[in-house]
Student: 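Mind having a look at this structure? Questions to follow.
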Amino acid sequence: EAQVTQNPRYLITVTGKKLTVTCSQNMNHEYMSWYRQDPGLGLRQIYYSMNVEVTDKGDVPEGYKVSRKEKRNFPLILESPSPNQTSLYFCASSPSRGRLDTIYFGEGSWLTVV
Amino acid sequence: AQSVTQLDSQVPVFEEAPVELRCNYSSSVSVYLFWYVQYPNQGLQLLLKYLSGSTLVKGINGFEAEFNKSQTSFHLRKPSVHISDTAEYFCAARNTGGFKTIFGAGTRLFVKA
């Protein structure tokens with residue numbers, strides 16, 4: 001079954017404690033991205049990756065890092081989380097650039113920073 | 001696309017009534033347009049998309065949307081809603097030559113018995 005898998009789904013952490021949200025897709029997609037969803041703001045892109053070792057900032061990259069060492073994995077790293085990073089996070093993937101018409105989303109990761 | 005505006009943050013409607021969720025976009029170039037649905041505690045699923053051709057697009061679960069280039073709109077409609085349609089709906093746009101998708105803020109549809 002084609003899917004995008006995120007972990008953890010729910011996490012409460014404290015300010016400053018580094019954390020990583022993993023994302024893995026089994027569709028051999030080249031394009032992957034991370035979004036955060038906040039009430040009234042919709043989905044905002046944090047980072048994206050066009051392929052292995054190719055990443056770039058989205059609209060709200062501050063406080064986040066990513067890496068793309070393998071095609072299937074695209075972890076989101078919060079080096080020093082702060083309360084304003086409390087949000088619902090989605091990982092997504094799409095086929096190659098010429099077929100970016102459909103985005104496949106993970107089920108989301110609820111992150112609370114206290 | 002530079003921006004996507006969903007004109008209603010919440011839409012309450014009775015079961016079996018028709019519904020329209022409004023979406024406008026701004027872009028200086030041609031765009032692809034999408035509607036996604038998010039059920040509680042789930043990720044987003046594609047409802048329908050407009051890439052080219054007929055301006056009336058039919059999607060899953062009886063939804064359809066009409067692309068209106070002159071009004072830069074892509075409103076979502078369903079002639080008769082069910083309780084199970086209660087969800088948040090996101091309109092999205094992407095420039096045809098680009099790879100970044102811009103999402104609207106979402107419209108929460110409440111279907112009441």
Side-chain angles (χ1 to χ4, degrees), chain A residues 1-10 21 23-25 27 29-51 54-61 87-110, chain B residues 1-10 21-26 30-53 57 59-60 65 67 74 76 87-109:
Chain A
E1 179 189 353
Q3 58 185 5
V4 178
T5 305
Q6 300 177 222
N7 279 296
R9 295 288 315 280
Y10 304 92
V21 185
C23 174
S24 181
Q25 50 95 1
M27 296 167 279
H29 286 167
E30 294 177 356
Y31 186 85
M32 297 186 73
S33 57
W34 276 102
Y35 295 86
R36 59 178 289 172
Q37 181 182 1
D38 301 290
L41 297 176
L43 275 75
R44 294 179 292 168
Q45 192 178 58
I46 302 171
Y47 269 94
Y48 64 92
S49 169
M50 297 297 292
N51 213 325
V54 181
T55 64
D56 208 347
K57 297 177 181 179
D59 297 315
V60 287
S87 187
L88 174 59
Y89 291 87
F90 286 103
C91 181
S93 74
S94 302
S96 64
R97 181 169 181 163
R99 292 189 54 231
L100 282 173
D101 53 287
T102 301
I103 304 174
Y104 296 81
F105 286 89
E107 292 190 317
S109 295
W110 282 99
Chain B
Q2 282 91 40
S3 67
V4 174
T5 302
Q6 293 184 240
L7 298 162
D8 307 290
S9 59
Q10 297 185 51
L21 306 184
R22 297 179 294 168
C23 173
N24 286 94
Y25 68 93
S26 69
S30 298
V31 294
Y32 296 144
L33 296 161
F34 311 87
W35 276 98
Y36 286 86
V37 59
Q38 182 182 29
Y39 297 107
N41 298 316
Q42 294 186 26
L44 279 73
Q45 303 172 34
L46 182 67
L47 260 184
L48 49 79
K49 59 188 177 186
Y50 170 79
L51 303 181
S52 65
V57 180
I60 61 172
F67 170 55
F74 191 54
L76 181 70
E88 187 150 23
Y89 292 80
F90 291 93
C91 182
R94 179 170 68 82
N95 292 345
T96 56
F99 52 86
K100 182 176 180 181
T101 301
I102 306 293
F103 287 84
T107 297
R108 195 170 291 276
L109 175 65

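All heavy atoms count here, side chains included; hydrogens, waters and symmetry mates do not.
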Student: Could you look at B/Gln38 and say if it's the side chain, the backbone, both or neither that has a heavy atom under 4.5 Å from chain A?
Tutor: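 Contact with chain A involves the side chain of B/Gln38 alone.
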Student: If we only count heavy atoms from C-beta on, is the B/Thr101 to A/Leu43 side-chain gap below 4.5 Å?
Tutor: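 Answer no - side chains too far apart.
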Student: How long is the straight-line distance from CG of B/Asn41 back to CD of A/Glu107, given to the nearest 0.5 Å?
Tutor: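 Reported value, rounded in 0.5 Å steps: 9.5 Å.
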Student: Mind checking what makes ring-ring contact (aromatic ring centres under 6.0 Å, His included) contact with B/Phe90, not counting sequence neighbours?
Tutor: none
Student: Are the side chains of A/Ile103 and B/Tyr36 in contact, using a 4.5 Å heavy-atom criterion?
Tutor: yes
Student: Who among A/Phe90, A/Tyr104, A/Tyr48, A/Phe105 has the most heavy-atom pairs with chain B under 4.5 Å?
Tutor: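 Most pairs with chain B among the choices: A/Phe105.
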Student: If you count heavy-atom pairs within less than 4.5 Å of chain A, which of B/Ala105, B/Gly104, B/Ala92 leads?
Tutor: B/Ala105
Student: What part of A/Gln6 lies closer than 4.5 angstrom to a heavy atom of chain B: side chain, backbone, both or neither?
Tutor: neither
Student: Chain B heavy atoms under 4.5 Å from A/Leu41: which part of the residue, side chain, backbone, both or neither?
Tutor: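 When you check distances to chain B, only backbone atoms of A/Leu41 fall under 4.5 Å.
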Student: With sequence neighbours left out, what residues match A/Ser33 under side chain to side chain donor-acceptor pair (under 3.5 Å)?
Tutor: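 Partners of A/Ser33 under the side chain to side chain donor-acceptor pair (under 3.5 Å) test: none.
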Student: What part of B/Gln6 is in contact with chain A, defined as an atom under 4.5 angstrom from a non-hydrogen atom: side chain, backbone, both or neither?
Tutor: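 Contact with chain A is absent: no heavy atom of B/Gln6 under 4.5 Å.
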Student: Do the side chains of B/Ile102 and A/Arg44 get nearer than 4.5 Å, heavy atoms only?
Tutor: no
